[in-house]
Protein chains: 2
Amino acid sequence: MTKKLAKSAISQKRVLDAAARIFRDFGYAGTTMRAIADEADLKAGSIYYHYKSKDELISAVLDIGIHAVIDTVQNALKALPEDASGRQRIETAIHAHLSAIIDIGDYTLATRRVFGQVPEAIRAKNMRLRNSYGSMWQDILVEAQKRGEFRADANITLARLFILGALNWTVEWFKPGGRTIDDVAREFSSVVVDGLLDKQAGEISGSAQPPSGPRVRAI
Amino acid sequence: MTKKLAKSAISQKRVLDAAARIFRDFGYAGTTMRAIADEADLKAGSIYYHYKSKDELISAVLDIGIHAVIDTVQNALKALPEDASGRQRIETAIHAHLSAIIDIGDYTLATRRVFGQVPEAIRAKNMRLRNSYGSMWQDILVEAQKRGEFRADANITLARLFILGALNWTVEWFKPGGRTIDDVAREFSSVVVDGLLDKQAGEISGSAQPPSGPRVRAI
DNA sequence: ACCAAAACCTAACACTAGTTAGAAAATGTC
DNA sequence: GACATTTTCTAACTAGTGTTAGGTTTTGGT
């Protein structure tokens, strides 16, 4: 166990980044080792020095994709005060999730496009990570509901599926240079939270009232 | 033009259905003509009697997928009274969309999983259909906003992207036998509409108030 | 029973896939 | 500068790809 196999992390990352881009564009079967090698300025055979098979490569890409999201969101939530409201937590989580998946967009998109086509064993392993991320969200929502911030009759599980579905879809249309992540996160939170907020309990935090702009008359 | 090339629509559909299932499971490049043939109880060469290439097959699958959704939603909307509310329209459209994509789930999933990997020309052709579907939703939302039903400060384009993203994601987790489409549609509508509804304008339609169940105290 | 059209099959083509063994280059250490 | 280690390349093998040409069977109308 005292081997000193270092294997130059930077070359490894070069191959991994290239793989993510190619997997993203051509899917699992459509991705060839030769195409990855081209993208990474290598010859096909050389990849096998870093990864021992195509499957090990896609597995690494998948894990990086979900891990980045989990870490980013977890850290953002930890930075919140203990008594943060459900709204704050959701806004924070949405913003962090969007930042993460757009930051490492190649990996996220690769994951989305390839997940259904990957060998069962690899998919199952990655699925465990995704499920643990799902429970993270479930906890936030259930907590807020228990505290009376969210409607008691809301189906939290379905709401969570709705939120994560919409979030994950973002990478398909979000293009850097257009809308900012802040804008998207704010608008998204507004749609989701103001739908979950218990109106019977009266308005709690701010940001629910339209800021300025033209007011529409009621009837 | 007076040819009588009928080409037995039922065989053609058998091949198409098989193709949808295989494309769904293995992606564009991962799908082999031999696998489709197997699934359709044919030999690979025979497929070429019905479709002249793999590309023509995937193109047909993609078009069927989006067309089914467009038709179902359009018909459901047409059946509504002229003065239907925005809430009603959204609930109807969500329900119809879900019904359609789950009904032809193989095609929808195939589309989702394969879209990014298909030759550019085919994708562009199918994209036009999808864009026209997008404007349909945009119209519903903008109309409701103009009538003062939805918050004036809501970004309709973003809201639409969220809704369609979440809807399209449904096929990934929805399993027949569990939740009903009605349940999912109702909950989704509730999350979306009660988030879009202008609270300044007061409650308009019903279904916003929690029906029965335990009421949560405010603070 | 006959026959043409429709539907399917067989066998092969040129090509590309993942992977590997072994040689060659690059790198760093003394 | 020599030498061992790390990294890359070359060239090949087998297996499987989309597609096609031409033959065989099935079908349905007369």
Side-chain angles (χ1 to χ4, degrees), chain A residues 1-62 110 113-114 117-122, chain B residues 1-23 25-62 110 114 117-122:
Chain A
M1 304 306 166
T2 37
K3 296 266 182 67
K4 41 183 167 176
L5 265 244
K7 209 170 262 196
S8 144
I10 69 138
S11 283
Q12 198 142 342
K13 177 154 169 41
R14 213 178 67 223
V15 172
L16 211 53
D17 286 351
R21 282 193 293 273
I22 303 295
F23 276 124
R24 150 169 72 82
D25 288 342
F26 300 99
Y28 175 69
T31 291
T32 72
M33 298 303 266
R34 286 163 177 86
I36 297 178
D38 252 34
E39 182 84 8
D41 265 315
L42 272 174
K43 296 296 153 142
S46 309
I47 296 182
Y48 288 83
Y49 177 75
H50 298 285
Y51 296 90
K52 64 165 161 269
S53 73
K54 186 181 177 183
D55 282 358
E56 197 177 86
L57 246 181
I58 186 63
S59 182
V61 169
L62 291 181
R113 300 230 172 115
V114 140
Q117 308 158 22
V118 128
E120 177 56 28
I122 296 175
Chain B
M1 306 303 168
T2 37
K3 295 266 182 69
K4 40 182 167 176
L5 264 244
K7 208 168 265 196
S8 141
I10 69 138
S11 284
Q12 198 142 345
K13 177 155 169 39
R14 212 177 70 222
V15 172
L16 212 53
D17 286 351
R21 282 192 294 271
I22 303 296
F23 276 124
D25 289 342
F26 301 99
Y28 176 68
T31 291
T32 71
M33 298 303 267
R34 287 162 178 88
I36 297 178
D38 252 34
E39 180 86 8
D41 265 314
L42 273 175
K43 297 295 160 168
S46 310
I47 296 181
Y48 288 83
Y49 177 74
H50 300 285
Y51 295 90
K52 64 164 161 272
S53 73
K54 186 182 177 182
D55 283 359
E56 196 175 87
L57 247 180
I58 186 62
S59 182
V61 168
L62 291 181
V114 141
Q117 309 157 21
V118 129
E120 176 56 28
I122 296 175

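Residue numbering restarts at 1 for every chain, and letters A, B, ... go by the order of the sequence lines. Here the structure is a predicted model, which is why all the values come from computation and not from measurement.
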**Fill in**
Heavy-atom contacts, protein to nucleotides 20-26 of chain C, under 4.0 Å, summarised as B (base), S (sugar-phosphate only) or - (none) per nt, yield B------

**Request:** Specify the residues of residues 26-43 of chain A, ordered by number, for which at least one heavy atom lies under 4.0 angstrom from an atom of DNA chain D.
**Result:** A/R34, A/L42, A/K43

**Complete:** One should read off an interatomic distance between B/L57 CG and B/I122 CD1, to the nearest 0.5 angstrom, of 10.0 Å

**Asked** Do the side-chain N or O atoms of B/Y49 get closer than 4.0 angstrom to the phosphate oxygens (OP1, OP2) of C/dA7?
**Response** yes

**Student check: side-chain heavy atoms of A/T32 and A/F26 closer than 4.5 Å** = no

**Complete:** Rounded to the nearest 0.5 angstrom, the CD1-CZ distance for A/I47 and A/R34 is 10.0 Å

**Under the side-chain contact (heavy atoms from CB on, under 4.5 Å) test, residues paired with A/A20 that sit two or more places apart** = A/V61, A/D106, A/Y107

**Fill in**
Taken to the nearest whole Å, OH/A/Y51 to P/D/dT7 is 13 Å

**Asked** Are OP1 or OP2 of D/dC9 and a side-chain N or O of A/S46 less than 4.0 angstrom apart?
**Response** yes

**Item:** Pair listing, salt bridge (charged side-chain N to carboxylate O under 4.0 Å, His left out) test, anchored in residues 48-59 of chain A, at least two apart
**Value:** A/K52-A/E56

**Prompt:** Rounded to the nearest 0.5 Å, how far apart are CE of B/M33 and OG of B/S53?
**Reply:** 7.0 Å

**Request:** Please list, chain by chain and in numerical order, all residues satisfying salt bridge (Lys or Arg N to Asp or Glu O under 4.0 Å) with A/D17, sequence neighbours excluded.
**Result:** A/K13

**Prompt:** Whole Å only: how far is the CD1 atom of B/I47 from the P atom of C/dA6?
**Reply:** 20 Å

**Prompt:** Are B/H50 and C/dA6 close enough that a side-chain N or O sits under 4.0 Å from OP1 or OP2?
**Reply:** no

**Request:** Specify the separation, in whole Å, of atom NZ of B/K13 and atom C1' of C/dA7.
**Result:** 19 Å

Residues 37-45 of chain A, side-chain donor-acceptor partners within the protein, below 3.5 Å, at least two apart:
unit_1	atom_1	unit_2	atom_2	d
A/E39	OE2	A/R21	NE	2.6
A/E39	OE2	A/R21	NH2	3.4

